[in-house]
Structure formats: C-alpha cells, structure tokens
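The basis for the numbers below is simple: all heavy atoms, side chains too, and nothing from hydrogens, waters or symmetry mates.
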Amino acid sequence: MHNTKSIGKYSLLLLLVLTARLGATQGFIGITSQQNSGLWSVYQNPSHLVNDQYKIRFHVATAGAHFNNNYVKYAAPFSMVDLALGRNFRPLDPYDLEEIRDGKPKNGTLVAELRGPALAFKISPTTHIALMTRVRSGVQVTNASEKLLGVVRLGLANIENYQNLEYLALYATHSDNTLNSVSQAYSEWGLTLGQVLSESATHRLQGGVTVKRFFGYAGGYIQNRSLRYQLRPDTSAVNAALLHVDRFDADLGYTQVNNRAFLSPSWLFGQNATGRGWGLDLGISYDLLSEENGKHVLRLSAAVTDIGRINYNDPRVRKYTINAQDRQITEAEWQSYSTPREGESELSAIGRILEDEFGLTETDRTNQFALATPQALNMSADLRLMGNMYVNTTWIQSMRVTQVPGFRATSLLAVTPRIDGKKIGLSLPIVRQNGAWAVGGAARLGPVVLGSDNLLGLFARNGHIKAQGVDVYAGLSFGVKSNKD
C-alpha cells in the first residue's frame, strides 16, 4: 500500500509544476484570433493595434491561467478545477497521474497572467498608440528525465513504490544532465505604436512595435549540468527510501522574498521590485482587402515577442554554483521542501533548504543574476470564408537565443474557426501543444470575453478524458467611438 497522505502532497507539487508551459506564455488563442476583440491580439503582434474598430479602447483587465506538460495525463476522480478550489473529496494520489513513458525529455509549465489595465487611441488615420500593463507569474521545468520525475511523483515515504519499477531500480545509478527549472513573477509596462505603412483599395501593410519595462519581484532557477543519484533503503526510518546524490553540478539563483498577494496589482508600479529590465515586441502584417467592404479577405502576420531579460541585483538576490558529491536526502528532508516557514514564500523555502542541503555559505554567494523573458516567433494566417466566418492558423515557436536561464515560450500550432461580428464572437481553437491535442472555446459578448484553449482539462475526471493540461481566461474591454462615427 502506498502512503496517500504524504505522497499526495508531492503529487500536488508535481501537478503545479507540470500543470501549467511563463516561458511558456499563455496564448489566449480563442480570443486573440478575433479581429474585433480589441487589445488582446496586440500582446501577440503589435501591428494588430491598427485593426481596432474603435478610436479609443479601454481594456479593463484579462485574467487567465494555463498548464501544459508531456509527462503525466490527469486521471483523478475529480477535475483539476475541483482540485484548485479545494473541492476534491480526497488528496491527489500519485497514481491519479498517469505517466507518459516514451523516453523523451519532459517539460511542464504553470502560468497565471493578468493583462491590463490598458488604454489605446487613434491619433491619425494611420497611427494608433497604446499604453498596456501586464503581470505574469509561473513555474517551468524543461528537459527533465522520466526517472527523476518518477522520484518526485512517488516521493520517498514508501520504498515499496519502487519494488516493481525496473526503470527506477534501487541501487542503480541514474543520470539527469539536462534538467532546468525556472520560477518567476514580474510585471511590465508596454508602450505600443501601430502604423499603416502602405495602403491601397486592395492591400494594406502594417507594422508595430512595443517597448517594455519589466519589474521583477520573485525569480529563481536551477540550471543543471550534471546530476547522478541512486535510490536506497533508509535504514533510519521504517519502510522509507532515501536519495543518494553521487554528484550534483549546477547553478542556483533565487530571490529571498516574503509571501505576497498572488498577482498583486501593486506590482505594476515597481514597488519593492528585486529586478528590472527592458523588452521589445516587433510585428508586421499584410492584409488582402475586399473591394466591396474594405475588410480583409486574407491576413498574414509575423511577430517576435518578449525580446529581453530581467536583471536581478539586490541584497535579497542569491546566486550559487553547486558542486556537491556524496549527499543524502531523507524523507523528512524531502517533505520540508514544501513546508515554508511562517511568512516565507515557497521559492525562498526551496532556496534555503538547498543551501542547507549542499552546504552553501555566504562566501559562495553573489547577489545578482539574469532571467530571460520567453522570446517567441508568432506567425498567423487569417482567412475569411464568407460573411463573418473566418478560420485562423497560428504557429508559435519558442526562440532560445541566449544561454541566460529563463522561461521558454511553449511552441504550438492552432487552427481556429470562428464567427466574428462587431458585438458577438465565437471561436473553437484546436491546439497541438507539447505532444498533445486540445480543443477549446471562446465567446465574446460586447465588452466581455470568456474562454479556454483547453476545455478537456476543465472537465477531465475518472480517466475518461486524460488531459495533459488546462486553460481558462476571462476579460473586459470597452471601445469608445467607432471609426465609422
């Protein structure tokens, strides 16, 4: 029998890590594909700012949460929504998470995002500007091995969990040389310029740029170079295992901050930030226009988003190089990883415990590191079928152009048929991401939007739908004074 209480605790941590890919940023695919949706599409491509049908646009806010991974499928008897809201009738069990054993490196991302407030207005027939804000928070694991994540999933409380697992045999030496993990919470201010570069009765070329100012509040990373370990029986505890670390060579950095309100609005103003940086979005789009009504028949768009980094340089910042050998982690120490002290953030708790575990001292420490933002190439083709019926194809490709640690954008391919009227919009995104398919839905009624790029994850339970992710978002945006007024 497995220990449901203690293992469930770590399975929940694993779900949080692998359930949502801010390198992987949230796509909001169901709403960004709608041309009448206002500023939602501008975060994806700044050239789309000039497509707004209103001269003035006030974007109140959009909130969203997203998870994707390629390590486990969710098969619990309660939904992920029930789990997040505390409505699960029992703790999450490790066997509620069905492993995907295909020998491939495992990735996972959990991210929450708050877009807005934002204000946009038309200053000439061909020029629009916008001032936009955003708060982003998340955790990401990339290139982890199935074996190491198996240890995280099962924990060390019950050695019987490993008795029949050949791929995690006791006393066998296992290696994981590519694991990386990043956690970050930051806000940004963006100033966007959208410009019509060329226009005729049948063609229009548009460009856009967004300059961003970042304020980092919490950031942490582990950049692994070499990890070798064994699972062994723990002779000091009943029926428990321990993790014997033969070698661990890695860089560790984190910000030592207290718990703060999740996605606090005060973050927008740089209050108590531990890091700062600059960023850039660049975009261009081409419209083939209808001679009858001037609407686009075909729109081709390309953008590079989130070019930049955040530099953390503060007395609360800690960076180490770990070069440890012959260390042991027991079940009691393993449990302490998820038990922060009063007022301590989870990030600070993990950093503190790693310091103790690997003998890191003040003389080993520097007070600065940098984290890259999730740079990505965004390309899309939007085709009008008839009337207000369209189909959009979007391709987002992560662009890893620096060795600086940081979040990575989640690559995806999405096809989204939609009905896109002035006041009402409906879309059905079909998304391929992290080796899995997802089907979503989004609705826009006047200023209100509600949607998901992965409805399967919202309703998956009892193993009938074994989702690899979940996604949900909602927002409010008002347009004032139509361009036709």
Side-chain angles (χ1 to χ4, degrees), residues 24-54 57 59 62 64 113 115-116 118 120 122 126-134 136 188 190-199 203-212 279-289 295-296 298-308 373-384 390-399 409-416 418 420 425 427 429 431 442 444 449 451 453 473 475 477:
T25 58
Q26 185 162 8
F28 297 90
I29 298 297
I31 191 62
T32 57
S33 60
Q34 298 190 31
Q35 64 174 350
N36 293 314
S37 64
L39 295 180
W40 282 287
S41 61
V42 180
Y43 290 91
Q44 195 117 332
N45 187 324
S47 71
H48 290 167
L49 179 61
V50 298
N51 298 323
D52 199 349
Q53 60 181 312
Y54 293 99
R57 167 76 65 173
H59 184 99
T62 302
E113 190 169 322
R115 296 181 176 183
K122 183 178 182 179
T126 58
T127 306
H128 289 65
I129 61 172
L131 181 64
M132 306 189 299
T133 63
R134 175 161 56 175
R136 307 158 90 175
E188 68 179 54
L191 180 62
T192 301
L193 171 67
Q195 179 70 43
V196 177
L197 303 175
S198 176
E199 186 173 22
H203 303 273
R204 181 169 57 229
L205 182 65
Q206 305 162 168
V209 59
T210 299
V211 178
K212 302 177 179 182
L280 190 68
D281 295 348
L282 299 171
I284 193 168
S285 60
Y286 165 79
D287 289 356
L288 177 63
L289 305 174
K295 294 183 177 181
H296 79 273
L298 175 66
R299 173 173 293 153
L300 302 176
S301 305
V304 178
T305 57
D306 287 316
I307 305 168
T373 47
Q375 185 172 331
L377 173 65
N378 294 260
M379 301 186 70
S380 67
D382 199 65
L383 178 65
R384 183 185 181 193
Y390 297 80
V391 63
N392 178 277
T393 300
T394 296
W395 175 46
I396 299 177
Q397 177 63 48
S398 174
M399 298 180 68
T410 301
S411 300
L412 64 82
L413 178 65
V415 177
T416 308
R418 74 179 189 277
D420 199 352
S427 60
V431 184
R444 173 176 52 85
V449 298
D453 293 342
Y473 48 85
S477 180

request  = Taking the side chain as every heavy atom from C-beta outward, state whether D281 and I307 have any pair of such atoms under 4.5 Å apart.
outcome  = no
ask   = Minimum heavy-atom separation for Y43 to T133, with atom names?
value = OH-O, 3.1 Å
key: Chi angles and distances behind the side chain to side chain contact (heavy atoms under 4.5 Å, CB included) call for L289, H203   = CA-CA 6 Å; L289 305 174; H203 303 273; 5.9 Å; no
inquiry  = For the OH atom of Y54 and the CG atom of L39, what is their distance to the nearest 0.5 Å?
reply    = 12.5 Å
task = Answer yes or no: is there a donor N or O on one side and an acceptor on the other, between the side chain of S301 and the main chain of S380, under 3.5 Å?
result = no
Residue pair I29 / Q44: nearest heavy atoms and the distance that separates them = CD1-NE2, 4.1 Å
query = Sequence neighbours excluded, which residues qualify as side-chain contact (heavy atoms from CB on, under 4.5 Å) partners of T192?
reply = V42, P46, L49, A130, M132, T210
request  = Spell out, as yes or no, whether a donor-acceptor pair under 3.5 Å connects the side chain of T373 to the backbone of G308.
outcome  = yes
remark   = The reported gap from OG in S41 to CG in N378 (rounded to nearest 0.5 angstrom) is 11.5 Å
ask   = When you look at T394 and L413, which way does the side chain to side chain contact (heavy atoms under 4.5 Å, CB included) test go after all the steps?
value = CA-CA 6 Å; T394 296; L413 178 65; over 6 Å; no
request  = Please round to the nearest 0.5 Å and tell me the distance separating atom CE of M379 and atom CG of N45.
outcome  = 10.5 Å
message = Can you list everything that forms a side-chain contact (heavy atoms from CB on, under 4.5 Å) with L205? Sequence neighbours excluded, please.
response = L197, S198, I284, Y286
request  = Can you sort out the partners of R204 under salt bridge (charged side-chain N to carboxylate O under 4.0 Å, His left out), two or more places apart, ordered by chain and number?
outcome  = E199, D287
inquiry  = Going by the rule salt bridge (charged side-chain N to carboxylate O under 4.0 Å, His left out), which residues pair with R418 if we only count those two or more places apart in sequence or in a different chain?
reply    = D382, D420
ask   = When you look at N51 and Q206, which way does the side chain to side chain donor-acceptor pair (under 3.5 Å) test go after all the steps?
value = CA-CA 9 Å; N51 298 323; Q206 305 162 168; 3.3 Å; yes
ask   = For Y390, what residues pass the ring pair (Phe, Tyr, Trp, His ring centres under 6.0 Å) criterion, not counting sequence neighbours?
value = H296
remark   = Between the OG atom in S427 and the CD1 atom in I31, the distance rounded to the nearest 0.5 Å is 6.5 Å
query = Can V50 and T126 be said to form a side chain to side chain contact (heavy atoms under 4.5 Å, CB included), step by step?
reply = CA-CA 7 Å; V50 298; T126 58; over 6 Å; no
task = Would you confirm whether N392, through its side chain, and Q34, through its main-chain N or O, come within 3.5 Å as a donor-acceptor pair?
result = no
inquiry  = I need the L412 CG to I396 CD1 distance, nearest 0.5 Å.
reply    = 4.0 Å
S285 and S47: CA distance, side-chain angles, deciding distance, side chain to side chain donor-acceptor pair (under 3.5 Å) verdict = CA-CA 6 Å; S285 60; S47 71; 3.2 Å; yes
ask   = Which atoms form the tightest heavy-atom contact between Y473 and A442, and what is the distance?
value = OH-CB, 3.8 Å
task = Calculate, to the nearest 0.5 Å, the distance between atoms OG1 and CD belonging to T127 and Q195 respectively.
result = 3.5 Å
task = Using the test ring pair (Phe, Tyr, Trp, His ring centres under 6.0 Å), find all partners of H59 that sit at least two apart in sequence or belong to another chain.
result = W40
query = Between K212 and D306, does at least one N-O distance fall below 4.0 Å, as a salt bridge requires?
reply = yes
